[in-house]
Number of protein chains: 2
Amino acid sequence: MDITRAAEGAKGFEKVFTLLRERLLDGSLKPGDRLVPERELAAQLGVSRPAVREALRALTMLGVVEIIDRIGTVVRRPDVSMLGYFFAFALAQQADVIDDVIEARIAIECQAVRLAAERATIADFERLQQALTRIAATIDDPEAGGMADFDFHAAVVQAAHSETLSVLHASMGALLARSHRTRRDLVQVFGSMKSYLIDDHRRVFDAIVARDPERADIALRRHFAIGDDYRRRAATGQVEPQKAGGE
Amino acid sequence: MDITRAAEGAKGFEKVFTLLRERLLDGSLKPGDRLVPERELAAQLGVSRPAVREALRALTMLGVVEIIDRIGTVVRRPDVSMLGYFFAFALAQQADVIDDVIEARIAIECQAVRLAAERATIADFERLQQALTRIAATIDDPEAGGMADFDFHAAVVQAAHSETLSVLHASMGALLARSHRTRRDLVQVFGSMKSYLIDDHRRVFDAIVARDPERADIALRRHFAIGDDYRRRAATGQVEPQKAGGE
DNA sequence: GTCAATTGTTGGTCAGACCAACGGCTAAAT
DNA sequence: ATTTAGCCGTTGGTCTGACCAACAATTGAC
């Protein structure tokens, strides 16, 4: 492993981090690979060992490496659970990032639902059907209901058979699950949400089964729009949304 | 700032990280706050300064603090830029399935073009217009043309005014730029690509200007589909695509 | 009051030492 | 010959103490 071509001009932490980042991004370092020991890496790069440690710790936070005591540092597939930390901090600091990410998830799911309509397998239909059943069974339980809603959406993304979309969706998973959970709290405020939750998810499922990407996309977008409406009205103190009973 | 209640039993990095995480999550530390100097924090916690540095560096990667040289460490509000690092690594691992990533980009861009149709500013229109001009001017230059194509798509994503979509798109940026570059090589095989490239991009632009999200989405999807058609025919040795000249 | 020099402060980095906990190797016992 | 016990090497985790760079603040001279 030729690892001595360091970043120009940099030293210490920056030198190590930049070089490892490049090796990871260009594929020289792959999941499962073990880095040379810290002392050796420090010697090769002409930096101090604490600088190496800082860089490795930083990469650990991104989930791309794992420092194993007395074994060494191992490259791993980026671990979406690390993003749980990020979202927890974002929530605690009331950062704008939360709504931005939740909005952007529409891109992932709406494209996924189109692909699902084209590619879903029997196993996918079964998983979606089970998720639908669970949504209905948990309609009065916000905790389990939130999870059931999230599971349905995750099943849609899985049915798309796109590894990239799955990774992106999983990276937002912690945030989306929380969002679904919060949405479910509104069921006690708006009785009409019960039929909304069951019927809308069913509509999405039916469009996937019908192999109709356009219809699936439209059904899912409508689902998001009405969900946002419920949220808006809860925030503004309005009672039942006017469109809830309509088509 | 009472910061000495450390995590039970832990020491070194773990002790510092855990304690700071708690302070950040419980609101004791807020954006704008400045932590005590590293030396003092190390003394208060009874750990070494490198341990403090590792913990601070870890929190830096999560975007919750910023280490400012000779000033100190300041708490900040997390923003989406941290996600960019994560996505870049996650997508780099997908590099073996480049087509999967290229396909998934449709999710990002098609949602972005919808939002662009709703949110684009005058400055966005100007940037898109310039990109269009550059596409036409570079029609016979694969290198510059690939970049011009990518710039148009990036401008669409920017016009969506969604940080998360921008970050996601940037994470794929290198792959997409290369894909556009490769596509431009096909111009020499298929003369009809010239009008395709100019007209299709113009159609997308017009739909954005018309503030018509549906039409923009449809135009961009058609653009991708025809682009894929060219690519397929090049791979299978066919000459001009039959639909190229039609509506 | 202004300017220059000095001092203090903070993060960035380094060198070297020690500790804990394994795994591997070697020598002794059976 | 085989098994067991002890020792050594290795690696990450942590610590101490020192030095450097680059400012800002303070002090003294004019």
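In what follows, every chain begins at residue 1, and chains take the letters A, B, ... in the order their sequences are listed. Since the structure is predicted, the reported quantities are computational estimates derived from the model, not experimental observations. Side-chain atoms are counted along with the backbone in the values below, which use heavy atoms only and exclude waters and symmetry mates.
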Fill in: Integer-rounded Å distance: C/dG12 P and A/E54 CD
7 Å
Discussion item. Quick check on the 6.0 Å ring-centre criterion: do B/F17 and A/Y85 meet it?
Written reply: yes
Practice prompt. Look at A/R183 together with A/D149 and state whether they make a salt bridge at an N to O cut-off of under 4.0 Å.
Written response: no
Discussion item. In whole Å, I'd like the distance from the CD1 atom of A/I68 to the P atom of D/dT10.
Written reply: 20 Å
Worksheet item: Which sits closer to the 5' end of DNA chain C, A/G46 or B/L56, going by the nucleotide each is nearest to?
Response: B/L56
Item to complete: Would you indicate, yes or no, if D/dT10 has its OP1 or OP2 atom less than 4.0 angstrom from a side-chain nitrogen or oxygen of A/R39?
Response: no
Item to complete: Take the protein atom CD1 of A/I71 and the nucleotide atom P of C/dC22, then report the distance between them rounded to whole Å.
Response: 10 Å
Response to the item:
From CZ of B/R49 across to C1' of D/dG17 the rounded distance in Å is 11 Å
Item to complete: Please report, rounded to the nearest Å, how far the C1' atom of D/dT16 is from the NZ atom of B/K11.
Response: 14 Å
Worksheet item: Roughly, in whole Å, what's the span from CD in A/E66 to P in D/dT11?
Response: 18 Å
Worksheet item: Rounded to whole angstrom units, what separation is found between the CG atom of A/L41 and the P atom of C/dC14?
Response: 12 Å
Worksheet item: Counting only side-chain N and O atoms of A/S48, is one of them less than 4.0 Å from OP1 or OP2 of C/dC14?
Response: yes
Practice prompt. Starting at atom CZ of B/R53, determine the distance to atom C1' of D/dC15, rounded to an integer number of angstrom.
Written response: 16 Å
Item to complete: Over 60° means perpendicular and under 30° means parallel, so classify the ring planes of B/H153 and B/H180, tilted if in between.
Response: tilted
Worksheet item: B/R57 has a side chain; which of C/dG11, D/dG12, C/dG12 sits nearest to it?
Response: C/dG12
Item to complete: Return the 5'-most residue of the pair A/F13, A/R70 with respect to DNA chain C, ranking by each residue's nearest nucleotide.
Response: A/F13
Worksheet item: Between A/F13 and B/R57, is there a cation-pi geometry (under 6.0 Å to ring centre, at most 45° from the normal)?
Response: yes
